[in-house]
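Everything on this sheet refers to the single structure shown next.
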Amino acid sequence: MADADLFISVKLEGVDIGGDVVEVDVEDHDQLLDQAQVVIDDRGESTAELPREGQRMVVDIGTQEEHAVLFEGVVSEVRVRSEGRGTQRIELMAYDLGYLLKRRTPSPTNHVGSLSSIIRAVIEADPAVGIQVGQIEPDPDPEFDARRPLRQTQQTDWDFLAELAERYRCRSFVEVNEGVSKYYFMPVSRLLAAEPI
């Protein structure tokens, strides 16, 4: 690394590969899945040691004194790039843990309860996904009952939440806070009124 004060840790399934990292790019979105692109040197290890799709990735960046986890997600694509003179690099594309909600098999459901409780239930349906509930504060927060349920038909959980966010003028996103991935469903008006960071 060029800067001795720079701190980069990229973990795949808990194993730090930061020493092999050549490039890291993290894109943060408030409507889409966050994305990380990591390029590592291919040291010619056995294929058993190569990164694989579906592995969990955590990216921690900053200085030696102060750094933070900027991204936690799942590798969605692995590409090998030839760099000439017999060297190769491996490019990893990953999406935040919302990707697992997007890949979950749709389960047609008639949801009942308040909008916020329905959203919470969707997020908490599978604890293995690893997303904790952050702030779920739609405004308004309507109630749905058995006579007029909130229908989820052929949509994945992620697409269902995205549609609800659009319908209720909210943002639906996963963000790493306090070292864990948390899900947020917040009114656009409140986000726009907040002080800029």
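As a basis for the values below, the full set of heavy atoms in this structure was taken, side chains included, without hydrogen atoms, waters or symmetry mates.
- Judged purely by distance below 3.5 Å, without hydrogens or angles, the side chains of Tyr168 and Asp139 never pair a donor atom with an acceptor atom.
- Side-chain contact between Glu175 and Asp28: present, with at least one pair of heavy atoms (C-beta onward) separated by less than 4.5 Å.
- Nearest approach of Pro51 to Ile90, heavy atoms of both residues: CD-CD1, 4.2 Å.
- Looking at heavy atoms from C-beta onward, Leu161 lies in side-chain contact with Val122 at the 4.5 angstrom threshold.
- Ile17 and Val74 fall into different hydrophobic clusters, where Ile, Leu, Val, Met, Phe, Trp and Tyr side chains are chained together by heavy-atom contacts under 4.5 Å.
- Hydrophobic clustering (ILVMFWY, side-chain heavy atoms < 4.5 Å, transitive): Leu101 and Ile136 are in one cluster.
- Between Ser172 and Ala162, the shortest heavy-atom contact is OG-N, 4.4 Å.
- Between His111 and Phe160, the ring center distance clears the sub-6.0 Å criterion.
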Begin from the C-alpha positions of Val38 and Glu23 and carry the test side chain to side chain contact (heavy atoms under 4.5 Å, CB included) through to its verdict. CA-CA 6 Å; Val38 176; Glu23 180 182 326; over 6 Å; no
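- Inter-residue side-chain proximity for Leu164 and Phe185 is flagged as met; some heavy-atom pair is nearer than 4.5 Å.
- Here the closest non-hydrogen pair linking Arg79 and Met93 is NH2-CG, 3.4 Å.
- Around the CD atom of Glu66, the shell of radius 6.0 Å holds no more than 12 heavy atoms that belong to other residues, nucleotides or ligands.
- Proximity of a side-chain donor or acceptor of Gln155 to a complementary backbone N or O of Trp158 within less than 3.5 Å is not detected.
- Looking only at distances, no side-chain donor or acceptor of Glu166 sits under 3.5 Å from a matching main-chain atom of Glu163.
- By the neighbour-count criterion of 12 heavy atoms within 6.0 Å, atom CD of Glu178 is sparsely surrounded, having that number or fewer from other residues, nucleotides or ligands.
- Following chains of ILVMFWY side-chain contacts shorter than 4.5 Å, one can reach Ile123 starting from Leu33, so the two form part of one hydrophobic cluster.
- With Glu53 contributing its side chain and Glu77 its backbone, the two residues share no donor-acceptor pair below 3.5 Å.
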Leu150 vs Leu115, side chain to side chain contact (heavy atoms under 4.5 Å, CB included): CA-CA, chis, key distance, verdict: CA-CA 8 Å; Leu150 182 58; Leu115 177 60; 4.0 Å; yes
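- Checked options Leu97, Leu12, Val75; the residue passing with Arg56 is Leu97 (criterion: side-chain contact (heavy atoms from CB on, under 4.5 Å)).
- By the 6.0 Å contact criterion, NZ on Lys11 is open, its count of non-hydrogen atoms from other residues, nucleotides or ligands being 12 or less.
- For the pair Val10 and Val58, the minimum side-chain heavy-atom distance is 4.5 Å or more.
- Residues Leu70 and Asp60 are not in side-chain contact: their nearest non-hydrogen atoms beyond the backbone lie 4.5 Å or more apart.
- Thr153 approaches Pro106 most closely through the heavy-atom pair O-CB, 4.3 Å.
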So Ile61 and Phe71, side chain to side chain contact (heavy atoms under 4.5 Å, CB included) or not? Walk me through it. CA-CA 9 Å; Ile61 298 177; Phe71 178 86; over 6 Å; no
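- Atom CD of residue Gln132 and atom CG of residue Asn177 lie 10.5 Å apart, to the nearest 0.5 angstrom.
- Between Lys182 and Ile131, every side-chain heavy-atom pair lies at or beyond the 4.5 Å cut-off.
- Put simply, Met57 and Val24 are part of the same group of oily side chains (I, L, V, M, F, W, Y) that touch within less than 4.5 Å, one to the next.
- Within the 3.5 Å criterion, the main-chain N or O of Leu6 finds a donor-acceptor partner in the side chain of Gln64.
- With salt bridges taken as basic N to acidic carboxylate O contacts below 4.0 Å, one links Asp157 and Arg104.
- You'll find the side chain of Tyr99 reaches within 4.5 Å of the side chain of Ser76, heavy atoms only.
- Between Ile119 and Tyr183, the closest side-chain pair of non-hydrogen atoms falls below 4.5 Å.
- In terms of heavy atoms, Arg171 sits closest to Val188 at NH1-CG2, 3.3 Å.
- Note on Glu91 versus Arg89: no salt bridge recorded, every NZ/NE/NH1/NH2 to OD/OE distance being 4.0 Å or above.
- Using modelled atom types, one finds no donor on one side chain facing an acceptor on the other under 3.5 Å when comparing His29 with Asp34.
- Between the side chains of Ser181 and Glu72, at least one donor N or O sits under 3.5 Å from an acceptor N or O.
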Given side chain to side chain contact (heavy atoms under 4.5 Å, CB included), test Ser114 with Glu143 step by step and report yes or no. CA-CA 4 Å; Ser114 66; Glu143 290 282 335; 3.3 Å; yes
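- A donor-acceptor contact shorter than 3.5 Å links the side chain of Thr109 to the backbone of Ser107.
- Cluster annotation: Tyr95 and Leu92 are assigned to distinct hydrophobic clusters (Ile/Leu/Val/Met/Phe/Trp/Tyr, side-chain heavy-atom contacts under 4.5 Å, transitive).
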